[in-house]
Each structure stands twice: as structure tokens, then as C-alpha cells.
Novice: 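I am attaching a structure below and will ask some questions about it afterwards.
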Amino acid sequence: MATYRHTIHYIVRVIERPASDDRETWFAGPFGSTEADHVASELEHAADHDRECYVEQLFAREEG
């Protein structure tokens, strides 16, 4: 019988709002929690338009 363990990874949800008012959402990851925070911060500061980044938990079920 297989056993499963649950691990928590994180993704970064990115919402783009360029000048044309078109909204686009995309995701980056998976990351560990510290790396996800860093990536979200870097992505927000690298944009030349309105960009919001949110770190969200991504649960993974791994067979062991």
C-alpha cells in the first residue's frame, strides 16, 4: 500500500494591469516560502506598469 505525505509549496500569482486596462493573471513557481516572497517582490519592482503579486500555498501530495 502506498503512503502519502503532504508538502507545502508556494506559487506567486501575478496580476498585470498595463496602461491598456487589460488585466492578465499568470503564475510562477513552485517555490519554497522564502524564495516565493523574494520572487514576488522582484516581480513587482521590475514592472513598468501596475503589477500585483501574491504568494499562495500550493499543496502537493507526494507518494512515498
Side-chain angles (χ1 to χ4, degrees):
M1 177 190 313
T3 59
Y4 295 95
R5 67 180 179 171
H6 297 273
T7 57
I8 300 174
H9 301 281
Y10 297 85
I11 57 173
V12 177
R13 179 169 46 115
V14 182
I15 300 173
E16 304 270 6
R17 290 189 178 93
S20 65
D21 291 330
D22 293 334
R23 180 179 165 176
E24 182 178 333
T25 300
W26 52 278
F27 298 87
F31 304 108
S33 64
T34 302
E35 186 178 12
D37 289 337
H38 177 74
V39 168
S41 178
E42 291 292 319
L43 287 172
E44 281 187 347
H45 290 87
D48 60 352
H49 55 271
D50 189 19
R51 177 186 285 167
E52 299 173 16
C53 297
Y54 302 94
V55 175
E56 300 177 354
Q57 288 185 349
L58 173 68
F59 294 91
R61 187 174 84 173
E62 299 175 353
E63 188 172 340

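The shown structure was predicted, so the numbers you read here are calculated from the model rather than taken from an experiment.
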Novice: Step through the shown structure and confirm whether more than 12 heavy atoms of other residues, nucleotides or ligands are within 6.0 Å of NE2 on His49.
Specialist: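 Yes, enclosed.
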
Novice: Would you indicate whether the side-chain heavy atoms of Tyr10 and Gln57 approach each other to under 4.5 Å?
Specialist: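 They are in side-chain contact.
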
Novice: Looking at Ala36 and Val12, what are the two nearest heavy atoms and their distance?
Specialist: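 Nearest pair, atom of Ala36 first, then Val12: O-CG2, 3.6 Å.
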
Novice: Where do Ile11 and Pro30 come nearest, in terms of heavy atoms and distance?
Specialist: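 Ile11 and Pro30 have their closest heavy atoms at CG2-CA, 4.3 Å.
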
Novice: For the atom pair CZ (Phe31) and CG (Asp37), what is the distance rounded to the nearest 0.5 Å?
Specialist: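 Rounded to the nearest 0.5 Å, the CZ-CG separation comes to 11.0 Å.
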
Novice: Can you tell me how far CG of Asp50 sits from CZ of Arg23, rounded to the nearest 0.5 angstrom?
Specialist: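 Those atoms lie 10.5 Å apart.
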
Novice: What are the two closest non-hydrogen atoms of Leu43 and Cys53, and how far apart are they?
Specialist: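 For Leu43 versus Cys53, the nearest heavy atoms are CB-SG, 3.7 Å.
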
Novice: From Glu52 CD over to Glu16 CD, what is the distance, rounded to the nearest 0.5 angstrom?
Specialist: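 One finds 10.5 Å between CD of Glu52 and CD of Glu16.
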
Novice: Using the salt bridge (Lys or Arg N to Asp or Glu O under 4.0 Å) rule, take Arg51 and Glu44 through it: C-alpha gap first, then chi angles, then the decisive distance, then the call.
Specialist: CA-CA 6 Å; Arg51 177 186 285 167; Glu44 281 187 347; over 6 Å; no

